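What follows is a short report on a single structure.
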There are 2 protein chains.
Amino acid sequence: MKADKNLLSGSTTLLVLSLLAAGDKYGYEMIAELDARSDHTFTLTLKEGTLYPILHGLEKDGAVNSYTREASTGRTRKYYHITRKGLRRLEEQKREWTAFSQKVNAILSALSPAEGEALSGPASS
Amino acid sequence: MKADKNLLSGSTTLLVLSLLAAGDKYGYEMIAELDARSDHTFTLTLKEGTLYPILHGLEKDGAVNSYTREASTGRTRKYYHITRKGLRRLEEQKREWTAFSQKVNAILSALSPAEGEALSGPASS
DNA sequence: CCTAATACCTCGTCCTTCTAGGTATAATAT
DNA sequence: ATATTATACCTAGAAGGACGAGGTATTAGG
């Protein structure tokens with residue numbers, strides 16, 4: 001329940017940049033898209049209080065820029081567009097994520113066979 | 001450089017439990033093992049200031065228990081042993097991690113083909 | 001003898017996310 | 001007509017997790 005939130009840590013910016021690399025989007029839309037992609041299972045939920053400050057930070061860094069648009073519904077939306085700088089950053093973070101997740105998976109899969117050894121030491125559960 | 005630290009967030013407990021599931025270990029050993037497994041590339045580095053509080057927390061929760069042992073070198077080591085409760089927790093966190101990382105990977109790989117759509121909207125980089 | 005390595009620990013700081021609030025407009029229900 | 005819900009944006013402060021920097025003690029090596 002609580003671990004999900006923690007897992008998100010650090011990969012939030014990566015996810016935001018990824019979404020924007022697929023096309024310009026506005027904040028509310030990104031949250032809805034992530035929510036839909038995680039089948040509403042709370043696996044990948046991004047909160048407004050998290051997203052908006054991140055978008056502002058990315059814009060300040062020049063990784064994205066924004067423009068407002070009137071939707072056909074009459075609503076004003078603020079769209080974000082990823083820049084070349086943002087794309088470079090995305091690639092870099094993607095590499096880091098891949099390296100990291102592979103290492104974690106390697107450790108996770110390497111533990112089961114050594115189960116016998118775990119019981120060889122003095123233990124009391 | 002800095003993103004690595006953040007990526008670690010949330011999966012630290014999972015990694016610690018994984019290491020212990022492969023056999024009883026002491027703190028210093030776990031740090032060295034993770035460092036070796038990440039080829040010293042800083043991808044998976046766990047710091048003492050992070051590990052020890054986590055181990056104490058896990059022990060308080062009953063996920064691990066500990067015993068001291070005199071090594072052949074004459075040094076006193078504090079070994080940690082994972083309990084049944086800890087194993088259950090490990091399995092749960094493993095599932096969460098797997099679900100999470102798969103979703104992230106799905107998003108990462110789903111972005112490139114939509115590149116054309118990204119340029120259909122009004123944009124200015 | 002003095003330094004480096006082993007082995008443990010903790011406190012305060014920083015960074016990231018969330019909670020909980022706020023504003024404003026459009027659509028829907030009453 | 002009016003109230004509620006949904007859309008769409010925002011922010012300040014709280015909370016949580018990892019780290020840096022410090023500390024202690026013992027052993028090995030120069």
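Being a predicted model, the structure only gives us computed values, none of them experimental. Just so we're on the same page: letters track the sequence lines, and every chain starts at 1.
Here dT27(D) presents its C1' atom at 11 Å from CD of Glu70(B), a figure rounded to the nearest Å. Between Ile31(B) atom CD1 and dC19(D) atom C1' the separation is 12 Å, expressed in whole Å. Rounded to a whole Å, the OH atom of Tyr79(B) is 12 Å from the C1' atom of dT6(C). Rounded to whole Å, atom P of dC18(C) lies 11 Å from atom CG of Leu44(A). Between Lys60(B) atom NZ and dC9(C) atom C1' there is a gap of 15 Å when expressed in whole angstrom units. One atom, CG of Leu8(A), and another, C1' of dC18(C), lie 11 Å apart when rounded to the nearest Å. Per the geometry, CD1 belonging to Ile54(A) stands 13 Å off P belonging to dT11(D), to the nearest Å. Rounded to an integer number of Å, the gap from CG of Leu51(A) to C1' of dT11(D) is 14 Å.
Between Glu33(B) and Arg37(B) a salt bridge is recorded (basic side-chain N to carboxylate O distance below 4.0 Å). Salt-bridge check for Asp61(B) with Arg89(B): passed, with a basic side-chain N closer than 4.0 Å to an acidic carboxylate O. Salt-bridge annotation for Lys103(A) and Asp39(B): present, with a side-chain N of the basic residue lying under 4.0 Å from a carboxylate O of the acidic one.
The side-chain heavy atoms of Leu46(B) and Val16(B), taken from C-beta on, include a pair separated by under 4.5 Å. At a threshold of 4.5 Å between non-hydrogen side-chain atoms, the residues Thr68(A) and Arg77(A) do not count as touching. Using a 4.5 Å heavy-atom threshold, the side chains of Leu108(B) and Trp97(A) count as touching.
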Could you list, one pair per line, each protein nitrogen or oxygen that sits under 3.5 Å from a nitrogen or oxygen of nucleotides 23-25 of chain C, together with the distance?
{"from": "dT25(C)", "atom 1": "O2", "to": "Arg75(A)", "atom 2": "NE", "distance (Å)": "3.4"}
{"from": "dT25(C)", "atom 1": "O2", "to": "Arg75(A)", "atom 2": "NH2", "distance (Å)": "2.7"}

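For the pair Lys78(A) and dA8(D), the criterion of a side-chain N or O lying under 4.0 Å from OP1 or OP2 is not met. At the phosphate of dC9(D), neither OP1 nor OP2 sits under 4.0 Å from any side-chain N or O atom of Tyr26(A). In this structure, Tyr52(B) reaches the dC8(C) phosphate: one of its side-chain N or O atoms is under 4.0 Å from OP1 or OP2. Taking only side-chain nitrogens and oxygens, Thr12(B) comes nearer than 4.0 Å to OP1 or OP2 of dA18(D). For the pair His56(A) and dC9(D), the criterion of a side-chain N or O lying under 4.0 Å from OP1 or OP2 is not met.
Annotation: of the two residues near DNA chain D, Gly49(A) and Ala71(A), the 5′-most nearest-nucleotide partner is Ala71(A). Sequence order on DNA chain C of the closest nucleotides to Thr73(A) and Pro53(A) puts Pro53(A) first from the 5' end.
Below the 3.5 angstrom threshold, one finds a donor paired with an acceptor across the side chain of Glu48(A) and the base of dC10(D).
Side chain of Tyr80(A), nearest nucleotide from dA8(D), dC19(D), dC10(D): dC10(D). Set against dC9(D), dC9(C), dC18(C), the side chain of Tyr28(A) has dC9(D) as its closest nucleotide.
If you check every strand for non-hydrogen atoms under 4.0 Å, Leu46(A) touches nothing. Counting non-hydrogen atoms under 4.0 angstrom, Thr50(B) reaches a base of the nucleic acid. Glu29(B) comes within 4.0 angstrom of nothing in the nucleic acid, heavy atoms only.
Of the N and O atoms on the side chains of His81(A) and Asn65(A), not one donor lies less than 3.5 Å from an acceptor on the other residue.
Ring planes of Tyr26(A) and Tyr79(A): perpendicular class, angle over 60° (limits at 30 and 60°).
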